[in-house]
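A quick write-up on the structure given underneath.
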Amino acid sequence: MDEEVMAALVGVLEALWRINAEWPDKPCTLAKLSKQSERPMSVLRRQLTMLVDAGWVELRLEEGGVAGTVLLTDSGRQLGRELFA
């Protein structure tokens, strides 16, 4: 994975980390994460696929696959503590 891709993934993780810190008991919507990470939904969905494959986030899509929520997994929260805390 090249540095540019890794930096983009870290940016998504950081946005999700900040959202989780503000609202720890609420899952983050894809729309909110798209806005906070300043990424179009199509780009965000591709990046989230990589983060899901890495085991750092969990993606729950609603019926139709357009809307959904995303949350950090235990390993994603651990990584966030190491990178952003």
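Along the sequence shown, the residues carry numbers beginning at 1.
With sequence neighbours excluded, the residues that form a side chain to side chain contact (heavy atoms under 4.5 Å, CB included) with Leu83 are Leu79. In terms of the side-chain hydrogen bond (donor to acceptor under 3.5 Å, both in side chains) criterion, residue partners of Gln47 (sequence neighbours excluded) are, by chain and number, Arg39.
Distance check, rounded to the nearest 0.5 Å: CG of Leu44 to CG of Leu30 gives 6.5 Å. Between the CG atom in Leu48 and the CZ atom in Arg45 there is a gap of 8.0 Å [rounded to 0.5 Å]. Atom CG of Leu59 is separated from atom OG1 of Thr49 by 7.0 Å, given to the nearest 0.5 angstrom.
A heavy-atom distance below 4.5 Å is found between the side chains of Trp23 and Lys32. Annotation: side chain of Glu58 is not in contact with side chain of Val52 (no heavy-atom distance under 4.5 Å). Side chains of Arg18 and Phe84 form no contact here, defined as non-hydrogen atoms less than 4.5 Å apart. No side-chain heavy atom of Lys35 sits less than 4.5 Å from a side-chain heavy atom of Thr29. Between Val57 and Leu13 the shortest side-chain heavy-atom distance falls below 4.5 Å. Leu61 has its side chain out of reach of Thr69: every pair of non-hydrogen atoms, C-beta onward, lies at least 4.5 Å apart. Contact of the Arg46 side chain with the Val43 side chain is registered, since non-hydrogen atoms from C-beta on lie closer than 4.5 Å. Two residues are said to be in side-chain contact when any heavy atoms from C-beta on lie closer than 4.5 Å; Arg60 and Leu71 meet this criterion.
Applying the 6.0 Å contact sphere to CD of Glu63 captures no more than 12 heavy atoms from other residues, nucleotides or ligands. Heavy-atom neighbours of Glu22 CD from other residues, nucleotides or ligands within 6.0 Å: above the threshold of 12.
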Take Leu16 and Cys28, measure what side-chain contact (heavy atoms from CB on, under 4.5 Å) needs, and give me the verdict at the end. CA-CA 8 Å; Leu16 188 54; Cys28 176; 3.8 Å; yes

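Closest heavy-atom contact between Trp17 and Arg77: CZ3-O, 3.4 Å.
Judged by distance alone, the side chain of Ser37 and the main-chain N or O of Val12 form no donor-acceptor pair under 3.5 Å.
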